[in-house]
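Each remark here refers to the structure printed beneath this line.
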Amino acid sequence: MSTLYLVATPIGNLSDFSPRGVEILNQVDQIACEDTRTSSVLLQHFQIQKPTFSFHQHNEHRKVNHLVNLLNGGTDVALISDAGMPGISDPGFLAARAAHQNGHTVTAIPGPDAATTAVAASGLPCDRYLFEGFLPPKKGRETRIREIADSDITTVLYVSPHKLVRFLNRFSEFAEPDRWICIARELTKKFEEVQRGQLSELIRIWEERESIKGEFVVIISGKSYSE
Ligand code: SAM
């Protein structure tokens with residue numbers, strides 16, 4: 001029986017990598033990387049020298065067999081994504097399922113993820129929250145937006161920068177203008193912003209920005225929440 005480790009890596013600040021994450025990457029036989037070039041920066045920084053292979057959303061169905069063969073052959077493997085926790089809007093689920101199904105140990109090494117970091121900083125209720133990740137680009141998108149508008153618990157979304165204003169405007173068609181929102185940008189990085197306000201105000205602020213760059217988490221309060 002071998003072990004598949006899902007190792008969380010920093011979402012922007014290399015100091016957030018845990019000593020145990022480094023230890024596990026130094027200990028395994030091979031490292032599956034979402035992007036071997038992106039991960040080489042992290043691996044070099046921590047002086048980790050291990051064989052790597054790519055494991056991303058376009059090859060994971062094929063590569064999962066390779067990964068299981070390695071585990072079956074007695075090789076311990078770590079899986080890392082470009083940032084954050086593998087499996088969270090990143091490759092990881094198929095690998096973890098296949099490892100379990102083949103009788104191997106699956107261990108997640110905790111660390112940063114953008115959703116939890118943002119929800120903690122948001123000052124919005126986080127006793128219960130729904131992680132929606134990225135909304136589907138087309139089919140089903142409007143249904144999800146309506147559901148979020150109607151939801152009574154906090155929702156956490158990953159939103160790409162070029163869709164941020166469009167998303168907020170679309171959401172405002174189904175939600176009240178005083179809905180509480182938090183926009184967390186570039187978490188743990190030099191230009192981190194955690195901005196909290198009501199929907200109409202945040203739309204105004206972000207529409208006025210000349211350019212919208214970086215990585216974003218959007219937190220939306222439940223519809224009954226007020227302060
Ligand atoms: N596995 C990652 C995690 O654990 O959070 C998520 C990967 S997903 C492909 C990338 C998205 O996560 C970005 O588009 C953004 O929505 C969010 N994200 C990642 N890093 C971030 C950061 N430093 N600040 C804000 N959002 C971030």
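First listed ligand is number 1; within each ligand, the first listed atom is number 1.
- Between the side chains of N59 and S54, a donor-acceptor pair is found at a separation under 3.5 Å.
- The aromatic rings of F53 and F55 stand perpendicular to each other, their planes meeting at an angle above 60°, with 30° marking the opposite boundary.
- Remark: the N169 side chain and the E207 side chain contain an N/O donor-acceptor pair separated by less than 3.5 Å.
- Residue pairs that meet the ring-ring contact (aromatic ring centres under 6.0 Å, His included) test with at least one member in residues 110-138, sequence neighbours left out, are F131-Y158, F134-Y158.
- Within 4.0 Å of ligand 1, the residues that place a heavy atom are I11, A83, G84, M85, I88, S89, D90, D113, A114, F134, Y158, V159, A184, E186, L187, K189, E215, F216, V217, listed by chain and number.
- Residues in residues 7-45 take part in these ring-ring contact (aromatic ring centres under 6.0 Å, His included) pairs, two or more places apart or across chains: F17-F46.
- Note on residues 100-122: no pairs pass ring-ring contact (aromatic ring centres under 6.0 Å, His included), not counting sequence neighbours.
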